[in-house]
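Here is the structure we will look at.
In this chain, numbering begins with 1 at the start of the sequence shown. Predicted model, so just to flag it, every value in this text is computed and none were measured.
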Amino acid sequence: MENTTNPANGTNGAPKNSATTTVSGIPAYLCYGGFALGLVLLLLTFFVKKWSTGVLFALALIAIIACIVGREMTKEYKDFSGRKLAKIGIILAIIALPVGIVNTTMTEQRENLDASHEAAQQMNSSAANDTESSESKETETKTSEPAQTAEQTTEAATEEPTAEETTATNAPTTSSEDFRAMMDSYEAFMDQYIAFMQKYSTSDNPASMLQDYSTMMSQYADWATKMQAVDENSLSAEDWQYYVEVTTRISQKLAAAGVSAN
């Protein structure tokens, strides 16, 4: 009987190197599944802005291992399309790692800056409320004092001051130069802060200003701490008046610039 098997072909005449090789079972699942996981993971990194580092690494590692094992199990099938997809899946999973980490880092940094900004604004708002409350108390005190009669005024004018009264009257009421210098520096910083926040809120690319934003908010928090540490009861009359004037001007500037203090 004549043998019809062609030496160039395999058993039953099937070609050894088929243009398209079919692979089924676990090797195919690993190749296609690893590619799919790598692709999905990369897409998710563009939508999920905050990742758990452990979850991100675990998913990327699963995708990479699946693709590598699938390619090893199908290395005899050079024309198997899943091998190419598995290679692409490895690349996608590797790219997804830094993208996810960068997005997570930027999101956490932005959240920390926003929290610091909110805390500093609350401190400034509290200081402004304290100023308004103090002004109200001063107004009530002035309106509650009884007006002197003409007779009392005449008697007070004709009375000769005692030695103690003369000493008290002639004693100079000086204010602390250091305190005034601090208040002037505080107002100068707040002018810079207001200008920066206006620029930041209208910027087309606020992400490029994150470093300056972080520096500004750090300084803002430092000044808020300094202002909260001021003991209003220990201030002289002139220092207290200057404190009220500066904080009132700052509150008016914030309102005029549309910068929220809440």
Side-chain angles (χ1 to χ4, degrees), residues 3-119 196-218:
N3 186 359
T4 58
T5 301
N6 191 325
N9 298 335
T11 306
N12 298 328
K16 290 183 179 180
N17 296 322
S18 175
T20 58
T21 304
T22 301
V23 176
S24 60
I26 293 178
Y29 294 149
L30 290 174
C31 290
Y32 291 126
F35 164 76
L37 181 56
L39 177 61
V40 171
L41 184 60
L42 179 60
L43 292 176
L44 285 176
T45 55
F46 290 100
F47 296 98
V48 179
K49 297 302 182 182
K50 190 173 182 179
W51 286 85
S52 169
T53 305
V55 172
L56 180 63
F57 271 97
L59 292 176
L61 187 61
I62 291 173
I64 293 172
I65 292 176
C67 292
I68 291 176
V69 173
R71 282 178 59 83
E72 285 297 317
M73 295 178 70
T74 58
K75 61 182 179 181
E76 297 179 358
Y77 304 93
K78 302 297 183 180
D79 296 329
F80 176 45
S81 60
R83 288 176 53 80
K84 297 179 181 179
L85 291 178
K87 184 177 181 180
I88 296 173
I90 295 173
I91 297 173
L92 295 178
I94 292 175
I95 295 175
L97 277 174
V99 174
I101 293 173
V102 169
N103 285 343
T104 301
T105 302
M106 292 184 64
T107 301
E108 291 178 349
Q109 183 180 12
R110 186 62 180 271
E111 289 177 351
N112 293 335
L113 290 174
D114 290 342
S116 176
H117 187 192
E118 183 178 356
F196 176 82
M197 292 305 298
Q198 286 180 314
K199 181 180 179 181
Y200 180 79
S201 61
T202 58
S203 175
D204 294 333
N205 186 18
S208 63
M209 302 174 65
L210 281 178
Q211 185 175 357
D212 293 336
Y213 181 90
S214 177
T215 301
M216 182 64 64
M217 292 314 304
S218 176

Rounded to the nearest 0.5 Å, what separates atom NZ in K78 from atom NZ in K84?
12.5 Å

I91, CD1 atom: more than 12 neighbouring heavy atoms under 6.0 Å:
yes

With under 30° as parallel and over 60° as perpendicular, where do the rings of F196 and Y213 fit, or are they tilted in between?
tilted

Could you measure the distance from the CG atom of L56 to the OG atom of S52? Nearest 0.5 Å is fine.
8.5 Å

With rounding to the nearest 0.5 Å, note down the distance linking OG1 in T215 to CE in M209.
11.5 Å

side-chain contact (heavy atoms from CB on, under 4.5 Å) for L37 and I62? Distances and angles first, verdict last.
CA-CA 8 Å; L37 181 56; I62 291 173; 3.7 Å; yes

How about Y200: does its OH atom have over 12 heavy atoms from other parts shown lying under 6.0 Å from it?
yes

Spacing of CD1 belonging to I95 relative to CG belonging to L39, to within rounding of 0.5 Å:
11.0 Å

How close do E72 and K75 get, counting heavy atoms only, and between which atoms?
O-CG, 3.3 Å

Are Y32 and F80 near enough that their ring centres are under 6.0 Å apart?
yes

Could you tell me whether the side chain of L85 reaches within less than 4.5 Å of the side chain of C31, counting heavy atoms only?
no

N/O donor-acceptor pair under 3.5 Å between S203 side chain and K199 backbone:
no

Does the side chain of C67 reach to within under 4.5 Å of the side chain of L30, using non-hydrogen atoms?
no

Looking at T74 and P27, what are the two nearest heavy atoms and their distance?
CG2-CB, 3.5 Å

What distance do L61 atom CG and L97 atom CG have between them, rounded to the nearest 0.5 Å?
9.0 Å

Show me, pair by pair, the donor-acceptor contacts under 3.5 angstrom made by side chains of residues 100-107, not counting sequence neighbours?
unit_1 : atom_1 : unit_2 : atom_2 : d
N103   : ND2    : T45    : O      : 2.5
N103   : ND2    : V99    : O      : 3.4
T104   : OG1    : W51    : N      : 2.9
T104   : OG1    : G100   : O      : 2.8
T105   : OG1    : I101   : O      : 2.9
T107   : OG1    : K49    : O      : 2.8
T107   : OG1    : N103   : O      : 2.7

Euclidean distance, E108 CD relative to K50 NZ, rounded to 0.5 Å:
5.0 Å

Contact between I64 and I94 at the side-chain level, heavy atoms closer than 4.5 Å - yes or no?
yes

